[in-house]
Amino acid sequence: MQRPVDDLHGRLEAAQAQGGEAAKERQRKQGKLTARERLDLLLDPGTFSEIGLFVETRSSDFGMAERRIPGDGVVTGSGLVGGQLVFTVSQDFGTLGGSLGEMHAAKIVKTQELAMKAGAPMVQILDSGGARIQEGVLSLHGYAQIFQRNTMASGVIPQISVILGPCAGGAVYSPAITDFVFMVEGLSKMFITGPDVIKAVTGEEVTFEELGGAAVHSGTSGNAHFVATDERECFATVRKLLSFLPANNLDDPPLAEQSDWPPDENPALDEIVPTGANQPYDVRDLIQNIFDYGDFLEVQPAFAANIVTGFARLAGRPVGVVGNQPAYLAGVLDINSSDKLARFVRFCDAFNLPIVNFVDVPGYLPGVQQEYGGVIRHGAKVLFAYSEATVPKVAIIVRKSYGGAYIAMSGFGLGYDRVMAYPTAEIAVMGPDGAANIIFRREIEAASDPEATRKEKIEEYREKFATPYTAAGQGLVDAVIDPKLTRPELIRALEMTSRKRETRPEKKHGNIPL
Ligand code: HXC
């Protein structure tokens, strides 16, 4: 008679083989790793504890009785990333297309609940055709439960979604509720309905890649936050992202060792911002010359590039960094950059990451399409997100800080804790040209040489407002600083605010303009 322990090993081997060689081969043919190989890339070696390996579907409809697969198409459990506990699920497209039925969903829900109880991040690796058609409403019910738990976990534990195959229907809505979505070029697709359905309904012809590939979601729709060239790079970036984050909303972000670069006084910072008010430069050059080791993990680099968002460390302490990007659309705020910025600020606020803004913004983008598209509503999200945030908020006005964008990015009225300015800062209701044309219109029109008068008036306005000293004199800028010394100034600003306590009135929740 077979010893029970040998029986166990036989069962374990069979179950861990998932759909067997055929299923693995199917993944490989598509250039994809298997669900378990992916967990090996995500987790520290030898740290995975599996949950529910022997769980199977209870369905027998539409041939499901013959298609029972141990684990029901998803590997779930916990492990360590850089020594920190995370919970994870990894769908196996090789078995039933990674589709989500009743028991598959139950395994994910259980993992979500364990992550919440433990206060540990959740990483979901998705490779799924969506709701398992054979299991009908039970599949839909499964997704509903997952969405509800995603929502309950939002702002409590970091939630990361890694899309590694064609993900349809429910398989994309759960990621959309989570904090960060990763995709891999050529492998990942996200869509609600595929090309065939679209053709039938609207007549439009589109390929899977054009519809929902990594380039589309990272650059056009803004659904994805990180794109990698392969799965290995993708998981390395997931691990790096987690290194900036606390395990949950009650923890502080993890401290790293002190950095020996850049130096406290960094002459490179004198060279980056051009003297001309309208000349472009890349705000990332500033960021990389200020934060520890020049290391900056940019979030959504290809979407709304007029705002730069990402994570860096200052004296070992993780911070959320925001910068208007003069190299793209002059760094204006518009619909997409407002959405990107507001969401980033809310993430930082939820997870105790101080926010540092580099401000160089001419205002909100004028235009009929922007107004029709709801730039008022979208722009209001930025005001709402910064106003609501109670984490330390520090702004450095680098050059322009005009109008509503001044308020959003550097206005003490929104509760900024420290506002500093470079000597090149210009703080005003609008740029000198526009302002002079409005307030001196009559004088300009009546002048014998209107053009000369216009120039004179523009200069007069520039001298009064296009400097940091007027605002500094009114107490609305705390310090005008030498750019070379930005790093120690920022370190002190964060020390000054590190014990900040700020409360908000009790309420069920606010109603951010959506
Ligand atoms: C059951 C599924 C499945 C599904 C794929 N499979 N999707 N089984 N339910 N939803 C199975 C296929 O039958 C096939 O089984 C295997 O997975 C691989 O699928 P292929 O089609 O051969 O692979 P590929 O050509 O790579 O195409 C992948 C795909 C396509 C683009 C994802 O399978 C597809 O369009 N699937 C349906 C997508 C969809 O509409 N899902 C429902 C969304 S509605 P065999 O037997 O060959 O191995 C939804 C509701 C929730 O999710 C909405 C919440 C808001």
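Atoms within a ligand are numbered from 1 in the order they appear, just like the ligands themselves.
Using a 30° and 60° split on the angle between ring planes, Y143 and F147 fall in the parallel class, below 30°.
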List the steps and the verdict of ring-ring contact (aromatic ring centres under 6.0 Å, His included) for F311 and F344.
CA-CA 10 Å; F311 300 106; F344 182 75; 5.3 Å; yes
Could you please spell out the steps behind the side chain to side chain donor-acceptor pair (under 3.5 Å) verdict for S59 and Q134?
CA-CA 8 Å; S59 166; Q134 295 90 328; over 6 Å; no
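Residue E135 does not touch ligand 1, judged by heavy-atom distances below 4.0 Å. Within the 4.0 Å heavy-atom criterion, the part of R26 lying near ligand 1 is the side chain and not the backbone.
Evaluation of the salt bridge (Lys or Arg N to Asp or Glu O under 4.0 Å) test over residues 115-124, restricted to residues two or more places apart or in two chains, returns none.
Atom 24 (P) of ligand 1 has F93 CZ, 4.4 Å as its closest protein atom, hydrogens excluded (heavy atom only). What sits closest to atom 46 (O) of ligand 1 on the protein, heavy atoms only, is R67 NH1, 2.8 Å.
The ring of F235 has its center no closer than 6.0 angstrom to the ring center of F182.
For a threshold of 3.5 Å applied to N or O pairs, the pair formed by Y173 and ligand 1 contains no separation below that value. Any N or O atom pair closer than 3.5 Å counts here, and G170 shares at least one such pair with ligand 1. Any N or O atom pair closer than 3.5 Å counts here, and P166 shares no such pair with ligand 1.
Applying the 4.0 Å criterion to heavy atoms of I133 picks out, from ligand 1, the atoms 1 (C), 4 (C), 9 (N), 10 (N). Of all atoms in ligand 1, listed by their number and element, those nearer than 4.0 Å to a heavy atom of L140 are 50 (C), 51 (C). Listed by number with element, the atoms of ligand 1 under 4.0 angstrom from any heavy atom of G169 are 43 (C), 49 (C), 52 (O).
Distances from ligand 1 to the non-hydrogen atoms of K189 include no value under 4.0 Å.
Salt-bridge annotation for R36 and E50: present, with a side-chain N of the basic residue lying under 4.0 Å from a carboxylate O of the acidic one.
Of the candidates P195, A131, G129, G63, G129 brings a heavy atom nearest to atom 32 (C) of ligand 1.
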Using atom types as modelled, flag every donor-acceptor pair under 3.5 Å from a side chain in residues 248-256 to any protein atom, sequence neighbours excluded.
unit_1, atom_1, unit_2, atom_2, d
N248, OD1, L250, N, 2.8
N248, OD1, D251, N, 3.2
N248, ND2, G119, O, 3.0

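V75 has its side chain within reach of L39: a pair of non-hydrogen atoms, C-beta onward, lies under 4.5 Å apart.
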